[in-house]
Amino acid sequence: MTEYWPWWAGAIGLGAITVAFWWMLRRPLGVSGSWQTVVHWREARRLAQAELAMRREPALAGDALMAATIAQFGAAATYGTIGHAPEASANSKHRFRRRIPWTAHAVFLLALATGGLISAFVNGGFAFHWNMGPVHELLFGGGFSSYVALLLGGLAVGFGTQMAGGCTSGHGLSGCARFVPASLLATAVFFGSAVGFSFLMEALVR
Amino acid sequence: MIATSRQVHIRYGATGLILGIVLSSVGFTDFGEVHKMFTFTDLRLLFVFAGAVALAAAAFALLARQHRIERKRIHPGTIPGSILFGMGWAVTGACPAIALVQFGQGYLPAAITILGVVGGVALYQAVHRAFFRWDSGACQ
């Protein structure tokens with residue numbers, strides 16, 4: 001691998017991507033959200049189909065809302081609203097936000113890997129690596145033990161980002177740049193946790 | 001401004017491609033570089049991240065005057081989830097985007113990280129449904 005870009009080039013690149021993504025799609029950039037949709041793609045597809053049906057037939061939305069209201073609060077809550085429900089639901093199609101198809105999230109994840117591939121070819125040629133580099137090898141060994149570490153670490157990344165509701169892009173970039181308290185808190189905690197754990201890894205090896 | 005499905009796919013694809021190129025070109029996919037950031041032996045990547053947030057903050061400050069942008073809320077999973085994610089990032093050098101970029105670059109063991117991420121995402125939904133009672137923010 002040749003020399004990396006200077007920090008300011010990376011800052012401009014990542015900052016521009018964060019803003020451009022929101023500008024193009026009116027949604028905050030967030031990779032863990034894409035993972036969620038792709039891993040649960042059947043559910044995403046079912047929701048999209050249900051929404052499409054409701055958009056075509058707005059009365060369906062009214063019926064569904066009414067059924068949910070009765071289930072939650074009992075039939076008494078709906079007295080006096082029955083006559084108005086279809087009228088209200090006719091307008092409700094304007095409140096639907098178009099769902100991003102799960103296939104677009106899948107394209108996004110595949111494109112990330114393709115970006116890595118292109119970058120490897122551009123920056124001094126592509127090569128297969130059987131470990132994650134000399135530092136990782138020093139900390140976790142080269143073979144089986146490092147694979148176990150990667151599997152457990154990957155599980156923690158997948159589980160943790162879903163639990164925290166975002167990752168480096170959603171909380172770290174999109175959220176912190178708008179001073180969203182949940183994102184500032186999450187970013188401080190995951191950076192702090194990574195720093196603490198990295199020092200612990202160092203201490204255990206040396 | 002309503003984009004067609006095809007436009008949405010193209011925009012997501014273009015963002016992913018450029019994000020992958022930038023993350024790998026600046027060294028965010030290199031475990032050694034990430035580890036140096038977390039142990040404060042080299043602050044370069046920290047500057048990349050902080051600089052990106054500062055630039056995006058300036059742009060959003062201008063944009064937010066005209067647009068309401070959705071905001072995430074703090075819930076009981078925010079802190080424990082972030083602690084877990086930080087530990088995983090320290091061990092693998094990967095956040096959910098970077099594992100994929102690493103694999104694309106030819107780091108074959110990143111496939112194991114990706115497997116872990118998929119497992120973690122699947123596991124979380126089952127655990128959330130069985131035990132947790134808060135809104136994960138998925139309905140926003």
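Sequence lines set the chain letters: A, B, ... in the order given, protein chains first and strands last, and positions in each chain run from 1. As the structure is a computational prediction, the values presented were derived from the model and not from experiment.
The candidate from B/F132, B/F28, B/F47 with the greatest count of non-hydrogen atom pairs under 4.5 Å with chain A is B/F47. Comparing B/P76, B/A57, B/S5, B/A59 by heavy-atom pairs within less than 4.5 Å of chain A, the highest count is held by B/A57. Among A/G15, A/G172, A/A111, A/G10, the residue making the largest number of heavy-atom pairs under 4.5 Å with chain B is A/A111. The choice from A/M163, A/H171, A/H105, A/M132 that makes the most heavy-atom pairs within less than 4.5 Å of chain B is A/M163. Ranked by heavy-atom pairs under 4.5 Å with chain A, the first of B/A94, B/A14, B/A56, B/G51 is B/A56. Contact count against chain A (heavy-atom pairs under 4.5 Å) is highest for B/I112 among B/I114, B/I112, B/V118. For the set B/G13, B/A90, B/G119, the entry with the most heavy-atom pairs within less than 4.5 Å of chain A is B/A90. Looking only at heavy-atom pairs under 4.5 Å with chain B, the residue among A/V195, A/V107, A/L173 that has the most is A/V195. Contacts with chain A were tallied for B/L23, B/T29, B/L43, B/L108; B/L108 has the most, counting heavy-atom pairs under 4.5 Å. When A/V135, A/V157, A/L185 are compared by the number of non-hydrogen pairs under 4.5 Å with chain B, A/V157 comes out ahead. Here A/T161 is the residue among A/L110, A/T18, A/T161, A/I118 with the most heavy-atom pairs under 4.5 Å with chain B. Considering only heavy-atom pairs separated by less than 4.5 Å from chain B, the leading option among A/F21, A/Y147, A/F121 is A/F21.
In this pair, B/F49 and A/F191 present their aromatic rings tilted. The plane angle is within the 30 to 60° band.
Of the two parts of A/A149, the backbone and the side chain both hold a non-hydrogen atom closer than 4.5 Å to a non-hydrogen atom of chain B. Proximity to chain B involves both the backbone and the side chain of A/P181, based on heavy atoms less than 4.5 angstrom apart. Looking at A/T103, the atoms closer than 4.5 Å to chain B (heavy atoms on both sides) sit in the backbone and in the side chain alike. If you measure heavy-atom distances from A/L151 to chain B, the contacts under 4.5 Å come from both the backbone and the side chain. Within the 4.5 angstrom heavy-atom criterion, only side-chain atoms of A/L139, from C-beta onward, approach chain B. The contact between A/H40 and chain B is made entirely by side chain atoms (from C-beta outward), counting heavy-atom distances below 4.5 Å. Looking at A/T187, only its side chain comes within 4.5 Å of chain B, counting heavy atoms on both sides. Looking at A/V180, the atoms closer than 4.5 Å to chain B (heavy atoms on both sides) sit in the backbone and in the side chain alike. A/F140 touches chain B through its side chain: at least one heavy atom from C-beta onward sits under 4.5 Å away, while N, CA, C and O do not. In this structure, no portion of A/P134 lies under 4.5 Å from any heavy atom of chain B. With a 4.5 Å cut-off on non-hydrogen atoms, A/W8 does not touch chain B at all. Interface residue A/F126: only side-chain heavy atoms are found under 4.5 Å from chain B.
Applying the salt bridge (charged side-chain N to carboxylate O under 4.0 Å, His left out) rule to A/E43 yields the partners B/R129; only residues at least two apart in sequence or on another chain are considered. Take B/R44 and apply the salt bridge (charged side-chain N to carboxylate O under 4.0 Å, His left out) test, not counting sequence neighbours, and it matches B/E33. Remark: A/W5 pairs with no residue by the ring pair (Phe, Tyr, Trp, His ring centres under 6.0 Å) rule, at least two apart or across chains.
For residues 197-205 of chain A, a heavy-atom distance under 4.5 Å to chain B picks out A/F197, A/S198, A/F199, A/M201, A/E202, given by residue number.
Looking at every heavy atom in both residues, B/L84 comes nearest to A/A156 through O-CB, 3.5 Å.
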**Message:** For a side chain to side chain contact (heavy atoms under 4.5 Å, CB included) check, start with the C-alpha distance between B/F85 and A/T168, then their side-chain angles and the critical distance, and finish with the verdict.
**Reply:** CA-CA 10 Å; B/F85 168 39; A/T168 335; 3.5 Å; yes

**Request:** Go through A/M24 and B/T15 one step at a time and tell me if the side chain to side chain contact (heavy atoms under 4.5 Å, CB included) criterion holds.
**Result:** CA-CA 10 Å; A/M24 289 190 299; B/T15 307; 3.5 Å; yes

**Request:** Any chance you could lay out the side chain to side chain contact (heavy atoms under 4.5 Å, CB included) test for A/R178 and B/R71, step after step, and finish with the verdict?
**Result:** CA-CA 9 Å; A/R178 290 178 292 124; B/R71 299 164 79 88; 4.0 Å; yes

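No side-chain heavy atom of A/Y4 sits less than 4.5 Å from a side-chain heavy atom of B/V26. Residues A/W35 and B/L100 meet the side-chain proximity criterion, which asks for heavy atoms closer than 4.5 Å. Using a 4.5 Å heavy-atom threshold, the side chains of B/L19 and A/L14 count as touching. For the pair A/V19 and B/L63, the minimum side-chain heavy-atom distance is below 4.5 Å.
Although no hydrogens or angles enter the test, the distance criterion places a donor-acceptor pair under 3.5 Å between the side chain of B/K72 and the main chain of A/G165. With A/H136 contributing its side chain and B/V91 its backbone, the two residues share a donor-acceptor pair below 3.5 Å.
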